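Have a look at the structure below before the remarks.
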Amino acid sequence: MSIEALNISKIYGKQKALNKVNFSIQSGEIVGFLGPNGAGKSTMMKILTTYLKQNDGEVKVNGFDTLENPLEVKNSIGYLPEHNPLYLELYVKEYLSFHANIHKISNNRIEEVIKLVGLTPEKNKKINQLSKGYRQRVGFAAALLHDPEVLILDEPTTGLDPNQLAEIRKLIQEIGKTKTILLSTHIMQEVEAMCDRVIIINNGEIVADKNLNEILENQDQIIEVEFDLRIDKELILKIANIKIAQNINENTWQLKFNTKEDMRSKVFDFAQENGLKTLQLQQKNNNLEGLFKNLTN
Ligand code: ADP
């Protein structure tokens with residue numbers, strides 16, 4: 001087991017931030033830690049990284065107790081904080097070598113992590129010359145230098161543009177093949193795109209702990225489509241397997257299907273057969289979002 005949290009409670013003054021939190025994460029899992037602002041995500045992560053001490057309960061990382069063996073815990077964890085503090089004036093290699101010295105790691109490993117996180121083309125630049133996506137890669141490289149078993153990522157894609165976002169998501173999935181990853185976020189799509197499992201926390205308590213497959217399997221398929229003309233609901237309800245059709249504005253419809261078959265081509269065919277042009281067609285997935293709203297409202 002990579003992470004085990006047993007009955008964790010944390011109180012700041014009178015504010016109870018965590019209340020008897022229990023979860024465990026197996027080696028090799030990518031787990032999304034999802035919750036609204038103030039739910040207790042950062043507090044839990046600070047406890048995992050030994051930065052804070054819990055008032056009650058027990059946490060083990062890679063088999064080491066956070067209170068009894070904080071050094072071993074730190075050695076088992078790579079942590080990427082939300083606002084990754086980079087020294088912008090340093091060169092990439094200088095920055096990584098600064099981190100490598102702290103951990104007493106050889107310079108060979110620097111080249112290894114540079115490759116691992118896809119920093120090779122930018123490795124001779126100063127950090128302030130890098131795009132946000134590449135700066136984030138530098139943060140990953142620093143977190144991975146000591147080859148930790150567990151990686152803890154706090155809102156790892158904040159502030160990235162869509163291209164950078166896709167690249168960083170890919171990188172996280174790649175790293176997740178060999179590491180255990182706990183990823184805190186408030187973005188549902190992030191979890192859907194990358195995680196095997198989601199833990200939802202609200203008001204300091206775990207309110208859901210589920211495999212993504214389980215959540216996605218029980219779902220309706222939702223397609224949003226815009227035609228060039230107005231049509232009657234009766235007509236659109238003729239598409240096979242359709243459950244609900246809702247006219248969300250003018251010529252745009254939200255369609256729910258109860259089938260696993262991808263219905264986008266059927267909707268497209270329907271438009272053609274009825275002399276309509278399809279201006280937009282998008283598959284949506286609101287199951288995790290629905291679950292999240294129900295549990296955290
Ligand atoms: P999240 O990361 O999910 O936004 P936090 O763990 O930061 O949530 O906060 C959980 C609760 O604890 C919130 O009510 C927050 O206001 C409170 N809290 C967090 N840090 C402190 C602190 N240092 N002192 C007092 N209260 C805090």
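Just so it is clear, the values below take in all heavy atoms, side chains as well, and ignore hydrogens, waters and symmetry mates. Nothing fancy with the numbering, it's 1 onward along the sequence. Predicted model, so just to flag it, every value in this text is computed and none were measured. As the structure lists them, so they are numbered: ligands from 1, and atoms in each ligand from 1.
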Report summary line: The answer, listing residues by chain and number that come under 4.0 Å of ligand 1 through any heavy atom, is Y12, Q15, A17, P36, N37, G38, A39, G40, K41, S42, T43
Query raised in the report: Between R137 and E167, is there a salt bridge with N-O shorter than 4.0 Å?
Result: yes
Report task. Report yes if the side chains of F140 and L119 come closer than 4.5 Å at any heavy-atom pair, otherwise no. Result -> no
Query raised in the report: What pairs with D56 under salt bridge (charged side-chain N to carboxylate O under 4.0 Å, His left out), at least two apart in sequence or on another chain?
Result: none
Report summary line: residues 99-132 vs ring-ring contact (aromatic ring centres under 6.0 Å, His included), sequence neighbours excluded, gives Y95-H99, H103-H146
Requested in this report: Quick one: list whatever passes ring-ring contact (aromatic ring centres under 6.0 Å, His included) with Y91, sequence neighbours left out.
Outcome: none
Query - K266 charged N/C atom sitting above F270 aromatic ring, 6.0 Å / 45° - result: no
